Structure formats: structure tokens, C-alpha cells
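A quick write-up on the structure given underneath.
The shown structure was predicted, so the numbers you read here are calculated from the model rather than taken from an experiment. Computed from heavy atoms alone, side chains included, the values below leave out hydrogens, waters and symmetry copies. Here, residue 1 is the first one in the sequence, and each next residue gets the next number. As the structure lists them, so they are numbered: ligands from 1, and atoms in each ligand from 1.
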Amino acid sequence: MITLREILRCPEKYAGQICIGGWVRTARSGKNVCFIELNDGTSFASAQIVYDPALPFTYEAGLETEPVRTGCAVRVEGELVLTPNAQQAFEIHANALHMLGNCPVDYPMQKKRHSLEYLRTQQTLRPRTNTFAAVFRVRSVVCDAIHNFFQRRGFVYVHTPLLTNADCEGRGEMFQVTTLPLDNIPKTANGAVDFSEDFFKKAALLSGTGQMYGEVFALAFRDIYTFGPTFRSEYSFTARHAAEFWMIEPEMAFCDLEEDMDIAEAMIKHIVRETMERCPLEMEFFNKFIDNGLLERLQNVVDSEFDRITYTEAVALLLQAKVEFQFPVSWGMDLQSEHERYLTETVYRKPIFVTDYPKEIKPFYARENDDGKTVAAVDLLVPGVGEIIGGSQREERFDRMEQRCEALGMDMTRYQWYLDLRRYGGVYHAGYGLGLDRMVMYLTGMGNIRDVAPFPRTAANMEM
Ligand code: 4AD
Ligand code: MG
């Protein structure tokens with residue numbers, strides 16, 4: 001069966017008799033002529049089917065002989081007629097109509113505007129709406145753009161494990177994985193959970209980053225990236241935090257923080273360019289119905305250079321700001337979402353890198369700067385979303401890393417394999433993590449992470 005996507009690429013080629021299957025978006029019947037707007041999922045655009053009211057439907061065995069309605073699955077045979085003067089390039093004059101799947105009148109996806117909140121309760125059906133068809137096709141294209149960005153540059157794609165025993169970010173926001181009986185947990189003599197009886201004979205967690213494993217491969221292949229699911233049990237009831245999200249983590253040996261940012265900037269521009277090029281209908285839809293300034297803003301991202309400021313400069317800007325922040329500003333604090341948005345939306349109005357954060361608010365692996373107070377870490381902030389990338393140059397000096405771990409009271413017996421990277425042929429290296437879901441939010445103007453994840457998981461929320 002031919003797809004709409006193929007036809008739309010070159011309708012002239014298909015003029016004549018064709019057969020197509022799809023779901024009915026709308027069905028209208030008049031005295032002299034009937035219309036079906038048919039979408040087969042392969043394209044954002046639908047096809048107009050025209051037929052004579054006298055033409056009978058045939059039905060798949062066992063189906064009820066009900067009228068064609070919004071939501072039905074049908075097969076259409078007919079003649080593709082070019083309509084060069086109409087809005088659509090062609091229409092299909094049906095000569096055989098076959099019902100493959102009935103749909104009752106109470107089909108929840110009627111042709112009208114539904115709120116995004118309502119659609120979140122309809123996760124089985126929402127991919128059939130314009131908005132979600134556009135979001136999820138963009139998401140797929142973005143993934144391809146990311147892979148080809150790195151593959152063309154010779155980066156090796158590494159699958160880092162999803163089961164881990166390392167809390168790399170050190171924030172304790174990890175899901176425990178266990179086969180221990182929860183109603184009868186074995187305990188050691190001093191009352192702690194006895195993980196020696198667990199599946200791995202030790203505690204296991206769902207990975208919150210593949211970074212440490214990525215570093216292992218970067219110190220063998222030089223340039224690598226990971227691309228996979230990430231889990232965090234953060235109790236953040238914001239529109240930008242999910243408990244399960246996808247992250248891309250490039251890691252480069254012989255790379256410092258400046259080069260790290262160069263690659264991040266080139267990657268973001270590549271993703272934006274590819275998406276605008278390959279999803280023109282979807283992007284136009286977002287610009288029209290979701291976020292009016294979207295296309296102009298994204299074009300500006302491609303054309304402009306991202307600014308780079310230090311954390312210390314950022315704090316100075318915030319202290320001069322003429323707005324009241326909910327969280328008071330002082331050097332040493334973690335930047336809150338309101339601060340990030342003020343910087344990127346009000347002051348710079350474009351993506352900005354903020355670098356050199358106080359070491360206390362960044363993970364143990366970030367490389368200490370000569371001032372002894374800050375580390376070579378970076379966040380990329382973008383208008384509308386805030387932090388989209390977090391990264392750093394890694395501490396490659398064995399002594400410094402050991403001291404830092406000691407100061408933080410970390411149990412380093414568990415991380416000897418990681419320290420080995422500093423013991424054997426250690427070299428300066430850097431990397432970052434891009435949140436895929438936030439990238440899709442940024443590209444589409446969608447304001448909630450639950451509307452860019454196919455099956456969102458957020459705190460207190462897992463529909464199906
Ligand atoms: O800033 P984060 O925590 O950095 C890391 O995990 C590093 N190990 C990355 C690295 O250097 N290799 O997370 C990176 C990005 C964030 O900037 C954000 O885009 C996304 O991951 N992210 C989340 N996205 C959705 N929901 C959450 N709960 C997220 N937490 C982080
Ligand atoms: Mg971060």
C-alpha cells in the first residue's frame with residue numbers, strides 16, 4: 001500500500017489508480033458528494049477523499065455496518081487526481097471503500113481543540129492528534145540529527161549500563177532496583193539492609209547518567225557519545241523535570257571546557273537546522289498554534305553566536321536586576337530557574353553558556369580551577385526552557401580528585417575503577433549532557449515535559 005509521505009514527495013508520479021489506508025480525521029456527507037479527510041500517519045498533511053454517496057462501503061468480517069466517522073480505519077481505492085489550482089496538490093476520487101476498523105461516536109479524539117491536560121489522560125489516542133503527531137515526529141528527527149552529528153565527526157556510540165551502583169551526580173536521587181522481598185527485607189547484624197542477599201549481591205540503582213562509563217570509553221576512543229534513558233527520583237513538580245528522560249552525553253579526551261562548549265553549540269545549531277529543514281509542516285504548525293515567535297527565535301539561534309559568561313558575572317547581573325526574585329541572590333547559591341530565565345530571556349535573549357560555578361554546587365568530578373573556589377563546569381541556558389545542557393571539564397589529576405572525594409566523604413573503594421582513569425594514561429577531558437526532552441520542548445515551544453515524552457513519567461504520575 002502506498003503511503004501519503006511517498007505520494008506527497010511527487011504526486012505527479014502517482015496520478016491514476018492507487019490504494020491507501022488511513023484513519024478518518026473528518027467525514028462529511030452531502031447529497032451529491034461526500035468527503036473524507038484521511039491521514040495515514042506517514043505525513044503531517046492529510047489527503048482529501050471524494051466519493052459519490054451511492055458508493056457503498058464494504059466491511060471487514062465481523063465489523064458492524066456502521067457509518068464512516070472520525071477515528072475509523074479505512075482502505076480507499078481510487079484515482080489520484082492532481083489539483084494544481086487547489087490548496088492541496090491532489091485529491092483521491094474513491095471507487096472502492098473498505099472499513100477496516102469501526103469507531104464509535106464517543107471517540108475521545110473528536111475534531112475540535114482539546115486541552116493538553118485532557119490529552120494527557122488519553123495517552124493511547126493522543127499520538128493521532130495534530131499536536132502530538134508533530135511533537136513525536138520532531139522528536140524522532142531530532143534523535144536522527146543527534147546521531148548523525150556525532151557519527152559524521154567520528155564519535156563512537158557507547159551503550160552505558162542502565163543498572164549501576166554509582167550515584168555519579170552525588171545527589172541521592174536514584175531509584176533502587178532490588179529483588180529483595182519488600183515485606184521481609186533481610187537485615188545485617190547492625191540493622192542495615194543486607195544487600196548481599198540481593199540479586200547482584202550489592203545495592204543496585206537505575207542510572208542517572210552514563211558519564212563515568214562514558215569517560216572510560218573516551219579514554220580509549222577519544223570521542224564518544226551515549227544516548228539513552230536516564231532515571232531520577234527528583235521530587236520536582238515542575239514542567240521541566242521527568243523521572244525518566246533521555247540524555248545524550250558526549251565525552252571527549254584532549255578537550256577542555258572551551259572546546260566542550262564549541263561542540264555543544266555546533267550540535268544545538270545542527271539539531272535546529274535539521275529539524276527546520278526536515279519538518280517544515282510540523283514547525284509551521286508549532287509556530288502558528290503553540291508559540292508565535294518560534295521560527296524567528298530558532299532562526300536566530302542558528303545565525304547567532306551563543307554568549308559565554310561566568311557564574312560570577314551572572315550573579316553580578318542578577319544583583320543589578322530590577323526584578324524581585326523569589327530566591328535571594330548571593331555568590332555561592334545555585335541558580336534557580338527564575339534566575340536562569342532572567343539571564344537568558346531578559347538580558348541576553350538567546351542561548352548562553354554559564355561557566356565556572358562554585359565547586360560546592362557541582363559534582364565531585366568537575367575540574368577545580370586555579371582560584372580553588374570554582375570548577376570548570378558549564379550549563380547552557382535557553383529562553384523558554386532554562387537549563388538544557390550541563391557539563392564540565394573533568395578532574396584528571398589523581399591527587400586533586402582523591403582530595404575532593406575525601407572532603408565529600410565518598411566511599412572511594414567503590415570508585416577505584418574510575419580513579420584508574422587518572423592512574424593509567426590520564427589526560428584532560430570534558431563532556432556534557434543534553435536532555436533530549438528539554439531539547440524537544442525548546443524546538444516545539446511545548447511548555448510541559450509531559451507533552452514531549454511519548455509516555456511521560458513524572459513524580460506521582462505514571463498513566464500507563
Ligand atoms: O546537568 P545534569 O544533571 O548533568 C549530568 O547528568 C552530567 N553527568 C552530564 C555530563 O556532563 N555528561 O543533566 C544534564 C541534562 C540537563 O541539563 C537537563 O537538560 C537534563 O539532563 N535533565 C533532565 N531532563 C528532564 N528531567 C530531569 N529530571 C532532568 N535532569 C536533568
Ligand atoms: Mg545540571
CA sep, side-chain torsions, deciding dist, call: F175, F231, ring-ring contact (aromatic ring centres under 6.0 Å, His included): CA-CA 7 Å; F175 288 100; F231 306 90; 7.0 Å; no

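Residue A242 has at least one nitrogen or oxygen atom sitting less than 3.5 Å from a nitrogen or oxygen atom of ligand 1, judged on distance alone. Distances between N or O atoms of T209 and those of ligand 1 include at least one value under 3.5 Å. The shortest N or O to N or O distance between G391 and ligand 1 is not under 3.5 Å.
With sequence neighbours excluded, the residues satisfying salt bridge (Lys or Arg N to Asp or Glu O under 4.0 Å) with R69 are E66.
For atom 16 (C) of ligand 1, the closest heavy atom belonging to the protein is E387 OE2, 3.2 Å. Taking atom 14 (C) of ligand 1 as the reference point, the nearest protein heavy-atom neighbour is M247 SD, 3.4 Å. For atom 20 (C) of ligand 1, the closest heavy atom belonging to the protein is G435 CA, 3.7 Å. Counting protein heavy atoms only, atom 9 (C) of ligand 1 is closest to E249 OE2, 3.2 Å.
Looking at R457, Q393, E234, M212, it is E234 that brings a heavy atom closest to atom 28 (N) of ligand 1. Among V382, I388, T458, the residue whose heavy atom sits closest to atom 19 (O) of ligand 1 is I388. Between atom 2 (P) of ligand 1 and the options Q211, R232, K362, R240, the minimum heavy-atom separation is to R232.
A donor-acceptor contact under 3.5 angstrom links the side chains of Y213 and T164, judged on distance only. Inspection of the D198 and T178 side chains reveals an N or O donor paired with an N or O acceptor under 3.5 Å. Using a 3.5 Å distance cut-off with no hydrogens or angles, the side chains of Y418 and E215 do pair a donor with an acceptor.
In Y442, neither the side chain nor the backbone holds a heavy atom less than 4.0 Å from any atom of ligand 1. Proximity of I389 to ligand 1, defined as any heavy-atom pair under 4.0 Å, is confined to the backbone N, CA, C and O atoms. Only the backbone of Y432 comes within 4.0 Å of ligand 1, judged by heavy-atom distances.
A salt bridge does not link D256 to R367: none of the charged side-chain nitrogens sits closer than 4.0 Å to a carboxylate oxygen.
Counting only residues at least two apart or in different chains, salt bridge (charged side-chain N to carboxylate O under 4.0 Å, His left out) contacts with residues 379-392 comprise K362-D379. Listed by first and then second residue, the salt bridge (charged side-chain N to carboxylate O under 4.0 Å, His left out) pairs involving residues 153-162 amount to none (not counting sequence neighbours).
Taking a cut-off of 2.8 Å, the protein N, O or S atoms nearer than that to the Mg ion (ligand 2) are E387 OE2.
In this structure, the ring of H429 has its center no less than 6.0 angstrom from the ring center of F254.
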